[in-house]
Amino acid sequence: MQKQRLVLIGNGMAGIRTLEEILKHDANRYDITVIGDEPWGNYNRIQLSPVLAGEQKLKDIILNDLDWYRDNGIRLIKGCAATRIDRERREVHTAAGEAIGYDKLLIATGSRPFMLPVPGSDLDGVIGFRDIKDTEKMIVAAALHRHAVVIGGGLLGLEAAHGLKLRGMDVTVIHLGDWLLNRQLDDTAGRLLEQSLAEQGLKFKLGARTQELVGENGHVAGVRLDTGEVIPADLVVMAVGIVPNADLASEAGLETAQGIVVDDRLATSDEHIYAVGECVNHRGVSYGLVAPLFEMAKVLGNQLGGCGKQRYTGTTTSTKLKVTGIDLFSAGEFMGGEGCDEIVLSDPAGGVYKRLIVRDNKLVGACLYGDTSDGAWYFQLLRQERDVADLRSALLFGPPRDLGDHGTSGASRAAALPDDAEICGCNGVTKGVLVKAIKEQGLFTVDDVKKHTKAGASCGSCTGLVEQVLMSTVGSSFQDAPKRKPMCGCTDHTHGEVREAIREQHLVTLADTMKALHWKTPDGCPSCRPALNYYLISTWPGEAKDDPQARLINERVHANVQKDSTFSVIPRMWGGVTSPAELRKIADVADKFNVKMVKVTGGQRLDLLGVKKEDLPQMWRELDMPCGMGYAKGLRTVKTCVGKQFCRFGTQDSTGMGIALEKAFDRMWAPHKVKLAVSGCPRNCAEAGIKDVGIIAVDSGWEIYVGGNGGIKTEVAEFFTKVKTEEEVLEYSGAVLQLYREEAYYLERTVHYMGRVGLDYIKSKVLDDATNRKALWARLQLALAGEPDPWQAQLGADAAARFTDLTV
Amino acid sequence: MSTDKSADMNHWQSICKLDEIPAQGARVVKREGKTDIALFRTLDNRVFALDDHCPHKGGALSHGLVYGDTVACPLHNFKISLQTGQAQAPDEGHTPCHKVELRDDTVWLAVD
């Protein structure tokens with residue numbers, strides 16, 4: 001098949017990012033030509049402020065050098081503008097007189113600074129702040145002149161003012177609003193910002209309107225305000241807004257309205273022409289920050305790369321000012337308004353101000369000044385539209401935290417950490433290494449960072465910290481915590497969408513699921529295959545067949561792999577109870593197979609360590625005990641205390657209750673490991689408060705707690721309900737676990753599932769709706785009825801391939 | 001088998017039938033006094049042979065999950081190319097490869 005011709009007009013961040021996404025999917029699909037009117041490769045425009053401030057050099061901000069274009073077979077026409085689009089002949093004409101034919105055209109012409117239409121705006125020395133050329137002009141002006149005026153107290157204006165000040169100029173910022181950053185901050189935060197910038201030597205004219213620019217010999221000499229006051233200026237930087245570059249498109253007859261109008265596929269009114277970036281108008285919005293551009297690039301790249309039908313539905317943006325020493329953050333509807341609650345912490349003397357806007361129990365806006373360490377966390381809550389009712393009282397103080405103990409949804413004080421602080425404990429990545437990689441390699445997402453540095457790529461407990469470092473390093477270009485996160489690189493679908501499709505389309509095999517959902521890889525990866533397998537068997541018990549090759553080694557051979565590639569064997573001992581005969585048998589087996597260590601596990605079971613894989617089946621035979629599933633994403637153990645049978649405080653038979661629970665939930669696969677505990681009295685010797693389901697006996701019955709976790713991040717379980725009988729304990733805890741089994745995402749612990757859906761939701765499904773509770777409990781029993789004991793199931797003849805080796 | 005060895009410079013030996021390796025799985029070949037070799041079978045029935053040893057911490061690659069023509073080490077998820085034995089960036093390291101062929105439905109391995 002002949003390659004299609006793809007032409008990109010605009011050599012900026014949005015367009016090139018789109019090409020990168022396309023190449024990632026299918027590098028051979030198109031003959032690509034890029035037309036750019038700047039004379040260099042693609043660079044990181046958002047880093048121009050640090051370049052102006054002298055913190056970075058121009059060469060440091062190149063994202064794709066000329067070799068990149070060559071290596072990818074892309075023709076780059078640089079330093080030459082596209083002048084006309086001929087839609088009938090499907091050609092783009094350039095300033096050099098060339099006509100370039102296309103099958104698909106991508107317009108990513110960005111935006112230009114809005115120049116105030118006041119007299120004198122065409123004088124020399126009046127510039128915008130958009131590209132390398134503007135930056136160089138400012139650097140030269142700062143070396144030759146003294147007075148600079150920046151018109152516009154928004155993000156870009158303040159960054160320009162800060163940079164010029166650092167380069168020794170006397171800078172005045174003229175701003176129409178009553179406070180700085182009035183589109184990002186409320187008045188209080190704006191005043192705090194003004195104060196600290198004033199301390200750095202910047203001057204401000206707020207609520208001030210520019211009337212004209214005064215010139216001398218064709219060069220600007222001053223700015224006259226409408227009060228008559230004239231401020232001397234050798235350089236005037238206009239930073240009052242941007243205008244989408246849509247002229248080329250509108251002249252070609254494409255629909256425009258303050259930007260090129262695109263639909264959710266980023267297609268223009270001509271089906272052969274697409275547009276991304278600051279030049280577009282999507283659902284009435286034009287964006288001037290990088291995160292949305294990259295999100296558009298991802299969607300369009302995916303589509304043009306021939307693999308998906310992603311939709312772009314808009315982006316919630318957040319901002320951060322790239323001015324050294326100033327911490328501010330804002331996102332969403334930070335001003336609040338009708339129907340909103342405001343939660344405010346104001347300590348002007350201490351330079352800290354936080355304002356959170358909550359509506360219908362959801363965080364809809366945040367404005368932070370002075371302490372922005374929780375910004376990423378708030379932004380995540382905001383984009384996920386998470387119910388924050390349970391967090392509300394402590395919301396202002398951020399997520400509960402200890403360094404290095406963040407949970408995947410956590411955040412930290414990354415900005416304050418020294419460079420040698422270890423961020424990722426699994427891979428030994430320090431903050432310094434991370435920051436260097438982010439800057440030098442132009443990383444923008446947590447996934448990028450994982451791929452290039454390994455930080456956060458192993459146990460994932462540091463993801464929150466990594467996100468923080470990323471955010472504090474790249475500022476407003478930060479792009480993460482997406483509302484919609486694909487399962488893995490093999491698909492564009494989220495965990496939720498995949499679960500739904502499996503249920504709705506009645507999919508029962510991995511192959512069918514991958515086909516129905518247009519998987520990009522033939523057989524998935526180590527992250528999606530186990531997840532799909534779980535979704536299938538939990539949705540269609542008895543019908544979907546478990547696929548051992550979609551299981552990681554522990555679940556494939558039903559034992560725990562150890563660092564030396566031997567295994568450990570944990571037989572089930574119901575409720576932690578054993579007998580002298582069973583102990584003798586375990587001891588004999590341990591002797592016979594030269595077990596290296598016999599250990600009591602954290603869950604009160606015996607673990608036989610150091611077993612060779614080929615010995616596993618024979619050991620199981622000789623043990624003749626059920627599999628303890630000590631390796632499983634499923635029910636592990638039910639820990640118990642002695643209870644009233646022996647304990648002088650015990651109020652109920654906790655051991656018996658534990659055994660009953662373990663037998664009821666035995667062989668239960670789940671999104672993640674599941675641990676239960678039963679304590680016989682409120683002294684809680686079985687530590688039921690940090691289990692997925694914890695039961696505490698009291699005189700009048702049983703208290704049930706849910707969502708505890710003793711893992712990476714210790715979480716205390718929440719009180720769920722109190723019941724009277726043992727049957728009720730089984731039914732209520734079974735229903736909660738079944739709900740978790742049916743709705744949680746793979747590898748989501750109960751605490752994270754509950755965090756996502758809210759405890760009230762679970763109560764509504766299990767406590768308030770008795771019919772639903774009984775149905776859930778019945779579905780769990782049905783699912784477990786057909787589950788064989790994993791060890792017994794492995795003893796058949798076909799197990800040979802799994803446990804025996806070949807020789808030469 | 002000794003006649004086979006002398007007849008073929010590469011010492012090709014037949015090891016097993018393709019069916020004896022699970023699809024998207026692996027089988028270990030033990031060698032006297034040498035590193036075990038892991039034989040892999042992909043979804044589309046290609047076979048590969050690597051030392052059964054991850055360059056990172058020596059994990060048994062034969063225990064790993066096979067996808068495309070890659071295997072993920074079960075210990076720390078290093079992704080090793082079955083074609084080249086090379087670890088995927090940002091990880092570093094290399095696992096030696098062995099020559100292996102499928103003749104009809106029999107797997108042949110070149111042993112040194």
Side-chain angles (χ1 to χ4, degrees), chain A residues 426-427 429 433 437 441 448-455 457-460 488 490 510-511 514 519-530 533 547-557 559-567 612-614 798-808, chain B residues 1 5 11-17 19-32 34 36-39 41-44 52-54 56-79 88-92 98 107 109-112:
Chain A
C426 296
N427 295 293
V429 184
V433 169
Q441 300 177 48
D448 284 347
V449 173
K450 277 186 196 168
K451 223 175 280 166
H452 287 89
T453 67
K454 289 237 87 173
S458 297
C459 83
C488 66
C490 303
L510 263 93
M514 289 180 177
W519 235 246
K520 298 179 203 167
T521 50
D523 57 349
C525 71
S527 132
C528 63
R529 235 158 69 194
N533 187 56
D547 179 355
Q549 301 309 83
R551 297 271 196 181
L552 300 180
I553 185 69
N554 289 352
E555 295 187 349
R556 213 179 315 138
V557 303
N560 277 35
V561 73
Q562 304 297 332
K563 61 185 283 188
D564 61 355
S565 298
T566 64
F567 290 86
K612 289 196 220 99
K613 190 176 76 177
E614 59 262 36
D798 63 329
R802 217 161 290 154
F803 296 100
T804 55
D805 295 335
L806 303 162
T807 49
V808 291
Chain B
M1 294 306 262
K5 272 189 183 176
H11 309 300
W12 286 95
Q13 281 195 34
S14 78
I15 302 294
C16 63
K17 296 285 183 200
D19 285 357
E20 294 173 59
I21 310 173
Q24 299 170 285
R27 201 72 193 269
V28 174
V29 181
K30 295 250 181 226
R31 295 188 298 175
E32 193 71 46
K34 286 182 182 157
D36 294 346
I37 293 179
L39 283 183
R41 174 177 164 193
T42 62
L43 180 67
D44 54 359
D52 194 12
H53 191 90
C54 177
H56 177 224
K57 303 247 167 157
L61 296 177
S62 58
H63 293 165
L65 191 138
V66 177
Y67 62 107
D69 44 24
T70 308
V71 61
C73 176
L75 295 192
H76 307 97
N77 213 12
F78 264 49
K79 316 240 162 70
Q88 219 171 70
D91 291 330
E92 291 169 4
H98 300 269
V107 179
L109 183 66
V111 289
D112 30 87

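To find a chain, count down the sequence lines: A is the first, B the second, and so on, and within it residues start at 1. As a basis for the values below, the full set of heavy atoms in this structure was taken, side chains included, without hydrogen atoms, waters or symmetry mates.
- Using a 4.5 Å cut-off between heavy atoms, B/Ala89 touches chain A through its backbone atoms (N, CA, C, O) alone.
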| query | Passes side chain to side chain contact (heavy atoms under 4.5 Å, CB included), B/His63 versus A/Leu552? Steps please. | reply | CA-CA 8 Å; B/His63 293 165; A/Leu552 300 180; over 6 Å; no
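- Within the 4.5 angstrom heavy-atom criterion, only backbone atoms of A/Lys450 (N, CA, C, O) approach chain B.
- Remark: the backbone N or O of B/Gly59 is not paired with any side-chain donor or acceptor of A/Ser565 at under 3.5 angstrom.
- With a 4.5 angstrom heavy-atom cutoff, B/Val71 does not touch chain A via any of its atoms.
- Ranked by non-hydrogen atom pairs under 4.5 Å with chain B, the options A/Pro548, A/Pro530, A/Ala550, A/Cys525 are led by A/Cys525.
- A distance-only check finds a donor-acceptor pair linking the side chain of A/Gln549 to the backbone of B/Gln24 [under 3.5 Å].
- Between the A/Asp523 side chain and the B/Gly68 main chain, a donor and an acceptor come within less than 3.5 Å of each other.
- For the pair A/Pro526 and B/Asn77, the minimum side-chain heavy-atom distance is below 4.5 Å.
- Judged by distance alone, the side chain of A/Arg529 and the main-chain N or O of B/Leu65 form no donor-acceptor pair under 3.5 Å.
- Put simply, OG1 on A/Thr804 and CD on B/Glu20 are 9.0 Å apart, with the number rounded to the nearest 0.5 Å.
- For chain B, the nearby parts of A/Val808 are the backbone and the side chain; heavy atoms of each come within less than 4.5 Å.
- Within 6.0 Å of atom CD in A/Glu614, more than 12 heavy atoms from other residues, nucleotides or ligands are found, so the atom counts as buried in its surroundings.
- Taking every heavy atom of both residues into account, B/Pro74 and A/Ile553 meet most closely at CB-CG2, 3.6 Å.
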| query | Would A/Asp805 and B/Val29 satisfy side chain to side chain contact (heavy atoms under 4.5 Å, CB included), going step by step from the backbone distance to the final call? | reply | CA-CA 6 Å; A/Asp805 295 335; B/Val29 181; over 6 Å; no
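- Options B/Ser62, B/Ala23, B/Gly58, B/Ala72 differ in how many heavy-atom pairs under 4.5 Å they form with chain A, and the most are formed by B/Ala23.
- For the residue pair B/Arg31 / A/Thr807, no side-chain donor-acceptor distance below 3.5 Å is found, with atom types taken as modelled.
- Counting heavy-atom pairs closer than 4.5 Å to chain A, the top residue among B/Ile15, B/Ile37, B/Val66 is B/Val66.
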